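First up is the structure itself, then whatever we jot down about it.
In what follows, residues are counted from 1 in the order of the sequence shown. A quick note: this is a predicted structure, and the numbers were derived from the prediction, not measured.
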Amino acid sequence: MRFGPGVAVLALVLSFAAPAAAEDCPAKSRDDVLTAMKAASCNRAMQIASACSGGATGDVGLTDAVEEKCEGDFLARLKAQQKKAYQREKDACDRKYSGEEGTMYISFAAFCRAKVAQRYSQRALKAASPARAR
């Protein structure tokens with residue numbers, strides 16, 4: 001299998017990432033991880049998923065839990081057109097990695113979808129909070 005320049009760039013970027021910023025997975029078993037994510041906020045669920053990810057197909061379960069958690073903050077309040085836009089953004093994640101081979105690309109697509117849900121959640125929570133006095 002040949003790796004393109006994108007993988008080399010990714011490896012280079014990851015090699016400079018601050019190891020101290022990485023969080024350890026807060027649970028030992030997959031069930032404990034999913035339980036912790038259900039009790040967490042959307043942003044915390046994403047942090048847990050990132051800390052517990054393996055960079056492979058198994059991450060899909062984690063990111064599905066993130067999507068479900070984050071969608072609780074906004075999905076019921078979206079109008080039909082907004083739901084379509086949300087789905088289009090998630091579909092774009094799948095298309096982005098559709099031509100790639102390997103389980104890490106399944107993980108990349110799954111985290112991309114979860115990040116879309118996280119962004120929508122953050123926007124909804126920001127819109128719902130009272131405006132700060134300036």
Side-chain angles (χ1 to χ4, degrees):
M1 174 163 59
R2 279 183 62 202
F3 294 104
V7 175
V9 170
L10 177 63
L12 184 62
V13 168
L14 291 176
S15 70
F16 289 107
E23 175 185 346
D24 289 333
C25 184
K28 299 282 185 216
S29 74
R30 193 65 143 194
D31 289 339
D32 290 344
V33 170
L34 293 173
T35 300
M37 290 171 70
K38 286 181 183 177
S41 67
C42 170
N43 288 336
R44 181 66 183 139
M46 180 61 93
Q47 290 172 340
I48 293 169
S50 296
C52 298
S53 72
T57 307
D59 294 345
V60 173
L62 295 176
T63 57
D64 285 349
V66 171
E67 284 184 57
E68 183 179 328
K69 184 65 177 182
C70 295
E71 286 175 349
D73 294 336
F74 67 88
L75 194 58
R77 292 188 297 270
L78 292 182
K79 295 177 183 170
Q81 289 294 9
Q82 293 169 316
K83 285 182 182 179
K84 287 180 184 177
Y86 171 61
Q87 189 60 50
R88 274 194 307 270
E89 287 186 51
K90 291 193 328 178
D91 291 345
C93 292
D94 294 329
R95 284 191 307 277
K96 181 176 181 178
Y97 298 105
S98 66
E100 305 296 338
E101 289 185 31
T103 60
M104 73 178 180
Y105 293 106
I106 295 170
S107 174
F108 292 169
F111 269 99
C112 179
R113 289 188 307 271
K115 288 175 186 174
V116 170
Q118 183 184 31
R119 278 195 313 274
Y120 271 73
S121 169
Q122 289 168 341
R123 287 183 206 148
L125 294 176
K126 184 176 179 181
S129 68
R132 294 183 185 173
R134 294 183 190 217

Note to self: Just checking Q122: does its CD atom have more than 12 heavy atoms from other residues, nucleotides or ligands closer to it than 6.0 angstrom?
What the structure shows: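 Correct, the count exceeds 12.
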Note to self: Taking K79's backbone N and O only, do any of them form a donor-acceptor pair with Q82's side chain (distance below 3.5 Å, no angle check)?
What the structure shows: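 Such a contact is found between Q82 side chain and K79 backbone.
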Item checked: N/O donor-acceptor pair under 3.5 Å between K69 side chain and K38 backbone -> yes
Notebook entry, point to check: Where do L62 and R30 land on the side chain to side chain contact (heavy atoms under 4.5 Å, CB included) test, with the steps shown first?
Noted result: CA-CA 9 Å; L62 295 176; R30 193 65 143 194; 3.6 Å; yes
Next item on the list: Could you check Q87, R88, K90 and say which one makes a side chain to side chain contact (heavy atoms under 4.5 Å, CB included) with V116?
Entry: K90
Notebook entry, point to check: Out of T57, D94, D59, which residue meets the side chain to side chain contact (heavy atoms under 4.5 Å, CB included) rule with I106?
Noted result: T57
Taking all non-hydrogen atoms of both residues, which atom of [X] and which atom of [Y] are closest, and how far apart?
X	Y	result
K83	L75	CE-O, 3.3 Å
D73	C42	OD2-CB, 3.7 Å
C70	A117	CB-O, 3.6 Å
A45	V66	O-CG2, 3.6 Å
P26	C52	CD-SG, 3.6 Å

Straight-line distance of [X] [atom1] to [Y] [atom2], nearest 0.5 Å:
X	Y	atom1	atom2	answer
D32	I48	CG	CD1	11.0 Å
Y105	C112	OH	SG	14.0 Å
M37	D64	CE	CG	9.0 Å

Checklist line | Derivation and outcome, side chain to side chain contact (heavy atoms under 4.5 Å, CB included), residues F108 and E100 | finding: CA-CA 11 Å; F108 292 169; E100 305 296 338; over 6 Å; no
Checklist line | Derivation and outcome, side chain to side chain donor-acceptor pair (under 3.5 Å), residues R44 and Q47 | finding: CA-CA 5 Å; R44 181 66 183 139; Q47 290 172 340; 3.1 Å; yes
Check: Is it the case that one hydrophobic cluster holds both F74 and M46, taking links as side-chain heavy atoms less than 4.5 Å apart, direct or via other members?
Finding: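 F74 and M46: separate clusters.
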Next item on the list: Begin from the C-alpha positions of C93 and F111 and carry the test side chain to side chain contact (heavy atoms under 4.5 Å, CB included) through to its verdict.
Entry: CA-CA 9 Å; C93 292; F111 269 99; over 6 Å; no
Item checked: Pi-cation contact, Y120 with R123 (under 6.0 Å, within 45°) -> yes
